[in-house]
Amino acid sequence: MPELPEVETTRRGIEPHIVGRRINRVTIRQPRLRWPVPPLDKLLAGQRVKSVSRRAKYILIEFANGTLIVHLGMSGSLRIVNTNTPSRPHDHVELCFGKQCLRLHDPRRFGAMLWTEGDPLKHPRLCDLGPEPLSNAFNGESLYRIAKNRRAPIKSLIMDGKTVVGVGNIYATEALFAAGIHPQRAGNRVSLARLEILVDEIKKVLDHAIERGGTTLRDFVNETGTPGYFAQELMVYGRAGEPCKLCGNQIKTRQIGQRASAYCSVCQR
DNA sequence: AAATTCTCCTGAAGGC
DNA sequence: TGCCTTCAGGAGAATT
C-alpha cells in the first residue's frame with residue numbers, strides 16, 4: 001500500500017513527464033472512487049500542468065484554473081504510459097498529453113481525485129492536517145505536546161494525521177520497534193526523551209524508504225514498480241510468530257485501533 | 001474533546 | 001482443483 005515514501009517517489013517519477021505539457025483528452029472509465037470523480041474532461045480540456053507537488057499522501061497537480069488533488073488510497077498507482085497501451089481492469093482515469101497518458105490504476109478504489117479552484121492547502125481534506133514528518137515542525141516537543149494529554153496508544157497517535165502526516169502502519173510499526181517503545185503504551189506515559197528518539201526513527205525510516213524508492217521506482221514509464229521498502233529489511237512488520245532479529249523472542253501481534261500491530265515484547269516497553 | 005467503530009473495495013489467503 | 005469465507009488496510013464519517 002502506498003505510504004508517504006511511495007507517494008513522494010510517484011510524485012518525483014511523474015513530474016518530469018507532465019510539467020509544462022498540455023492535456024488533449026481525459027478519460028474517466030470509473031468515476032466511483034472514494035468520492036465521485038469531478039468532470040475532469042471539461043475542467044482540464046486544453047489545460048497545461050504548472051507543477052506537481054505533495055502534501056501528506058496527496059499529490060497536487062496544479063493547472064492555471066485549479067488543482068487536481070490525487071490520493072492513492074491503499075492500492076492506487078499512477079503511471080505514464082503510451083496512449084496506445086491497452087487499458088487494464090481498474091485503470092479508472094487517464095489524462096492524455098499527446099502520445100503519453102497519466103493513468104490512475106486502483107483495484108480497491110480507496111483512492112480519490114478531487115478538484116479545487118482555490119488554494120489547495122485550504123481544501124477541506126488538507127486544511128486540518130498536521131506537520132510533514134520530515135519537516136522541522138515535527139519534533140520531539142511537538143509530539144510531546146500532543147501525547148502528554150492523551151491516553152490513546154502511542155501508535156494510534158503517530159498514525160493520526162492531525163499529529164503528523166504520512167506515517168502509515170508499516171513505518172509506524174518499524175519506527176516504534178527501532179525506538180524500543182511498545183505500540184500500545186499510552187501517549188501520556190512516554191517521556192519527552194523517548195518521543196525524541198521516536199521522532200528521529202520515524203524520520204530515519206521514511207528518509208531511507210524515499211531513498212530506496214528513488215532507485216527502485218526510477219522508471220515510471222511502462223513500469224509496474226516496486227515498493228520503497230523490502231521485506232528483508234523489515235524488523236517486525238508482517239513477522240508475527242517469527243523470532244525477533246535482535247533478541248530472538250517471538251514477535252507478537254495484536255489489534256490497535258483496528259490495525260494489525262506487530263511488536264517484540266522484550267525489545268519494546 | 002477524545003476514543004472507538006464503521007465504511008468504502010477487491011485480491012489474496014485459508015479452509016475444506 | 002475449486003469454491004466459499006475471511007480479512008487487510010487509509011482515512012473520513014459516524015457514534016459513543
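Order of the sequence lines fixes the chain letters, A, B, ..., with proteins taken first and strands second; residue numbering starts at 1 for each chain.
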Checklist entry - Between E94(A) and R29(A), is there a salt bridge with N-O shorter than 4.0 Å? => result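 A salt bridge links R29(A) with E94(A).
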Checklist entry - Does the pair E15(A)/R12(A) count as a salt bridge with the N-to-O cut at 4.0 Å? => result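 R12(A) and E15(A): not salt-bridged.
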Item to check | Minimum-distance nucleotide to R150(A) side chain [options: dA3(B), dT10(B), dG10(C)] | outcome: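 My answer, after comparing the listed nucleotides, is dA3(B).
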Item to check | Candidate nucleotides dA13(C), dG11(B), dG10(C), ranked by approach to the side chain of M74(A) - the nearest | outcome: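 Of dA13(C), dG11(B), dG10(C), dG10(C) is nearest to the side chain of M74(A).
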Checklist entry - Hey, is F110(A) stacking on dG10(C)? Ring centres under 5.5 Å, planes under 30°. => result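 The base of dG10(C) is stacked with F110(A) (centres under 5.5 Å, planes under 30°).
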Take the protein atom [atom1] of [X] and the nucleotide atom [atom2] of [N], then report the distance between them rounded to whole Å.
X: L157(A); N: dA1(B); atom1: CG; atom2: P; value: 17 Å
X: N149(A); N: dA2(B); atom1: CG; atom2: P; value: 8 Å
X: D128(A); N: dA2(B); atom1: CG; atom2: P; value: 13 Å
X: I158(A); N: dA11(C); atom1: CD1; atom2: P; value: 14 Å
X: K57(A); N: dG9(C); atom1: NZ; atom2: P; value: 12 Å
X: I154(A); N: dA3(B); atom1: CD1; atom2: C1'; value: 15 Å
X: L129(A); N: dG12(C); atom1: CG; atom2: P; value: 7 Å
X: I170(A); N: dG9(C); atom1: CD1; atom2: C1'; value: 10 Å

Counting just side-chain N and O atoms, does [X] come under 4.0 Å of either OP1 or OP2 of [N]?
X: H71(A); N: dG10(C); value: no
X: H90(A); N: dG11(B); value: yes
X: Y171(A); N: dG10(C); value: no

Checklist entry - Side chains of R55(A) and S53(A): do they bring a donor and an acceptor to under 3.5 Å? => result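 No, no side-chain donor-acceptor pair sits under 3.5 Å.
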Checklist entry - Do R259(A) and dG10(C) share a donor-acceptor pair, side chain to base, under 3.5 Å? => result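 Looking at the base of dG10(C), it does pair with a donor or acceptor on the side chain of R259(A) (distance under 3.5 Å).
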Checklist entry - DNA chain C: R108(A) or R34(A), which has the more 5' nearest nucleotide? => result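 Nearest-nucleotide comparison on DNA chain C picks R108(A).
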Checklist entry - How long is the span from the NZ atom in K99(A) to the CZ atom in R21(A), to the nearest 0.5 Å? => result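 Separation between the atoms: 10.0 Å.
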